[in-house]
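Numbers here are sequence positions counted from 1.
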Amino acid sequence: MARSLRAQRSFTIGVVVPEISEGYAALVLSGIEDHLLEEGYFYFVVSHRHRPDLIQEYPHLLQQRAVEGLIAVDTACRKGVPIPVVAVSGHREVEGSDEHRFGPHVRLKACSRASRRTWTSKDRFY
């Protein structure tokens, strides 16, 4: 808490998954959890159950809870997400995305590097 107040940051990340118990998402979530805990971050996990309304709503709700960025696991976030997004294993090519050229580990490393500074709404890692 003191670190957050001194740095004026929440050190909180939102993780968006289709289903928490699904094998792939659970495996990826485990790695994300290990890395975030190692780096001293708190995180929220939400499951959208493939509902377009929740995919649209959750990034805004997480932003209201002071998350500094999102990790979207197998979830295509639409344009207009108000905070930085790291996409892991999107199966559709999103305009402006390097999904087809880089693996998830590259994006998580970019997220990790970015976490050492304040993220802004202009940062995009999808």
Side-chain angles (χ1 to χ4, degrees):
M1 179 79 135
R3 177 176 80 148
S4 295
L5 292 174
R6 273 194 314 273
Q8 296 182 341
R9 295 181 55 196
S10 68
F11 294 96
T12 304
I13 302 294
V15 182
V16 182
V17 298
E19 297 179 41
I20 293 172
S21 62
E22 187 267 325
Y24 175 77
L27 183 63
V28 172
L29 186 56
S30 176
I32 290 170
E33 177 181 31
D34 290 344
H35 183 74
L36 292 176
L37 290 174
E38 184 179 305
E39 294 294 324
Y41 278 81
F42 181 74
Y43 61 95
F44 294 112
V45 178
V46 294
S47 169
H48 56 72
R49 315 275 304 161
H50 300 284
R51 287 181 41 191
D53 60 322
L54 296 179
I55 293 171
Q56 187 72 25
E57 182 181 359
Y58 281 162
H60 299 281
L61 291 175
L62 289 166
Q63 181 190 28
Q64 291 171 359
R65 283 154 181 83
V67 300
E68 295 183 31
L70 294 178
I71 300 173
V73 178
D74 205 15
T75 302
C77 290
R78 303 291 178 232
K79 289 185 177 184
V81 175
I83 52 182
V85 177
V86 174
V88 178
S89 189
H91 294 285
R92 283 177 266 161
E93 201 169 308
V94 177
E95 185 179 328
S97 169
D98 287 325
E99 177 65 33
H100 61 288
R101 295 189 310 176
F102 302 107
H105 65 282
V106 173
R107 286 185 299 283
L108 287 175
K109 283 186 178 187
C111 178
S112 179
R113 282 191 307 274
S115 71
R116 292 184 176 87
R117 65 171 174 78
T118 303
W119 286 1
T120 70
S121 62
K122 294 179 183 174
D123 292 323
R124 293 288 185 258
F125 300 100
Y126 51 92

Completion exercise
Here the gap from Phe42 atom CZ to Leu37 atom CG, rounded to the nearest 0.5 Å, amounts to 10.0 Å

Problem - Straight-line distance of Arg65 CZ to Thr12 OG1, nearest 0.5 Å - result: 12.0 Å

Problem - Pairing residues for Asp53 by the salt bridge (charged side-chain N to carboxylate O under 4.0 Å, His left out) criterion, not counting sequence neighbours - result: Arg51

Hey, are the side chains of [X] and [Y] touching, using non-hydrogen atoms and a 4.5 Å cut-off?
X	Y	value
Thr75	His48	yes
Leu62	Val46	yes
Phe44	Val15	no
Ile13	Leu70	no
Pro18	Arg49	no

Practice task
May I ask you to decide if Ser21's main-chain N or O and Glu19's side chain share a donor-acceptor pair within less than 3.5 Å?
Solution key: no

Practice task
For Ser10 and Ala66, indicate whether the former's side chain and the latter's backbone hold a donor-acceptor pair under 3.5 Å.
Solution key: yes

Exercise for the section: Using the rule that two of Ile, Leu, Val, Met, Phe, Trp, Tyr join whenever any of their side-chain heavy atoms come within less than 4.5 Å, decide whether Tyr41 and Val86 are in one cluster. Expected result: yes

Practice task
State yes or no: do Val16 and Leu27 share one hydrophobic cluster built from I, L, V, M, F, W and Y residues joined by side-chain heavy-atom distances below 4.5 Å, directly or via other members?
Solution key: no

Exercise for the section: Looking only at non-hydrogen atoms, find the nearest pair between Ala76 and Ile55 and report the distance. Expected result: O-CG2, 3.8 Å

Exercise for the section: Might you point out which heavy atoms bring Pro59 and Gln56 nearest each other, and give the distance in Å? Expected result: CD-O, 3.6 Å

Handout entry: Single hit among Val45, Val88, Ile71, Val73 for side chain to side chain contact (heavy atoms under 4.5 Å, CB included) with Leu29
Key = Val45

